[in-house]
Amino acid sequence: MTIYLHPADHARKPGNLNDPPPDAEEVAERDLNPPCVLVFNASDPSGAGGLGADALAMASVGAHMLPVVTGAYARDTAEIFDHFAFEEEAIAEQARAILEDVEVQLIKVGFVGTPEALSTIAETASDYPEVPLVAYMPNLSWWDENLIEGYLDAFRELLLPQATVLVGNHSTLWRWLLPDWSGERPPGARDIAKAAGEFGVPYTLVTGMVLPDQFIDNVLASPQSVLASEKYERLEAVFAGAGDTLSAALAALLASGTDLVAATTEALAYMDRCLDAGFRPGMGHVLPDRLFWAEPEDDEDDDEDPDAPQDFALPPHDTRH
């Protein structure tokens, strides 16, 4: 599995996410700047999720993030205690200022805190109908139940009609989009995609579907069919921030012009590597190492001569945790 750490040579503006790559002449004419992704999300002081996670994941796969702060979590690596939302005017002004200056290839929406913020974001996105939108729905079980319902209703009514891809955990999407499911088996990815499709979502990436023998399935589906499926072995650790990592990587890859199925496969492979290299900075959960690729290889460490004089020309720059 190839993981692009820089924009692919065939990068293009995303329109139809399943278009074939452009010809050589089109590529030659294209600006070589990294693709820009406008991100609406909260600040997370733990680094598990939020804008910090988006920034690292997007940079790792070659995109430039334009962060719009929608609020801030009060949390540690174990749990979320509270969320403080920005006023919608502050969100709108941040987005307006950067959109008047920079051409964006994609919009990504994470947790933004209030129905009013969702309304502002939906209004902003509606002014750019040609720009794809990746919507990520995290687990909101930490939040006040009275606030959850209004937020989910607003997300469903205002943002899903503009979303190109919806990303979320199987359990989260099931309980949100199919609350009255009465089947003998849990709903499959296509069942959830059909439910999302009723609100206008063409593609849904359902993660964390439990399989036998300690495996997890992740499925990209449309209301009509399953488009891709990637199975990974379940890791024993409890992670925080996996969904943020995946949705950010997917958004960045789509912005670079990678087609939807390939971008999904690449993003899932990247997330799996991040989790495999995860670290525990505090007393809570394990966080994905989104810069795993920057760590020195073991054989590189073995080749170093401990008696060699130290080079003080440049400061050490190895990434460490």
Side-chain angles (χ1 to χ4, degrees), residues 7-8 10-22 35-41 54 57-58 61-63 65-66 68 95 99 103-112 118-138 154-169 172-173 176-177 189-190 192-207 218-228 243-268 271:
H10 60 275
R12 69 186 191 279
K13 293 180 183 178
N16 183 327
L17 297 180
N18 293 302
D19 279 345
C36 294
V37 181
L38 183 69
V39 180
F40 296 91
N41 209 343
D54 287 327
M58 289 187 180
V61 294
M65 185 183 80
L66 306 171
V68 175
L99 284 168
E103 180 182 0
V104 303
Q105 279 69 53
L106 189 138
I107 297 170
K108 187 222 167 183
V109 181
F111 179 67
V112 300
L118 287 170
S119 178
T120 296
I121 294 167
E123 183 177 353
T124 299
S126 68
D127 292 334
Y128 300 86
E130 75 286 356
V131 177
L133 189 151
V134 172
Y136 170 55
M137 177 53 68
F155 204 105
R156 181 172 52 239
E157 300 296 332
L158 299 173
L159 211 60
L160 288 190
Q162 300 189 62
T164 310
V165 185
L166 171 64
V167 182
N169 181 269
T172 298
L173 296 183
W176 174 34
L177 298 174
R190 192 177 163 212
I192 293 173
K194 282 183 178 179
E198 293 180 3
F199 296 94
V201 182
Y203 305 106
T204 301
L205 176 54
V206 183
T207 67
N218 306 279
V219 181
L220 175 70
S222 71
Q224 294 75 36
S225 63
V226 170
L227 303 176
D244 297 86
T245 303
L246 174 61
S247 56
L250 176 64
L253 287 162
L254 291 175
S256 76
T258 308
D259 72 78
L260 178 59
V261 173
T264 299
T265 301
E266 296 283 355
L268 286 167
M271 180 188 70

Which residues share a side chain to side chain donor-acceptor pair (under 3.5 Å) with R156, sequence neighbours left out: D153
Between CG on residue L38 and CE on residue M65, distance to nearest 0.5 Å: 10.0 Å
Residue pair V201 / T164: nearest heavy atoms and the distance that separates them: CG1-O, 4.4 Å
M58 side chain near V39 side chain, heavy-atom distance below 4.5 Å: yes
Spatial distance of atom CH2 (W176) from atom CD1 (I192) [nearest 0.5 Å]: 11.0 Å
Side chain to side chain, L99 and V131, heavy atoms closer than 4.5 Å: no
Contacts of type side chain to side chain contact (heavy atoms under 4.5 Å, CB included), residue A263, not counting sequence neighbours: L250, L253, L254, T258
Pairwise distance CG(L160) to CD(Q162) - rounded to 0.5 angstrom: 10.0 Å
Side chain to side chain, L159 and F199, heavy atoms closer than 4.5 Å: no
Closest heavy-atom pair and its distance - A63, V37: CB-CG2, 4.2 Å
Working for side chain to side chain contact (heavy atoms under 4.5 Å, CB included), residues V68 and I121: CA-CA 10 Å; V68 175; I121 294 167; over 6 Å; no
Gap separating the CG atom of L220 from the OG atom of S225, nearest 0.5 angstrom: 9.0 Å
Closest non-hydrogen atom pair, L158 against A122: O-CB, 3.6 Å
Shortest non-hydrogen separation from L173 to V206 and the atoms involved: CD1-CG2, 4.2 Å
Nearest heavy-atom neighbours spanning G243 and Y136: CA-OH, 3.4 Å
L260 side chain reached by Y203 side chain, heavy atoms, under 4.5 Å: yes
Residues L118, E157; criterion side chain to side chain contact (heavy atoms under 4.5 Å, CB included); working and verdict: CA-CA 10 Å; L118 287 170; E157 300 296 332; over 6 Å; no
Side chain proximity check, T264 to V165, heavy atoms < 4.5 angstrom: no
Atom pair CE (M271) and OG (S247), whose distance is rounded to the nearest 0.5 Å: 10.0 Å
Euclidean distance, E198 CD relative to L177 CG, rounded to 0.5 Å: 9.0 Å
Taking every non-hydrogen atom, the tightest pair across D54 and A248: OD1-CB, 3.3 Å
Listed partners of N218 passing side chain to side chain contact (heavy atoms under 4.5 Å, CB included), at least two apart: T207, I216, Y232, L268
Any donor-acceptor pair under 3.5 Å from R190 side chain to P223 backbone: yes
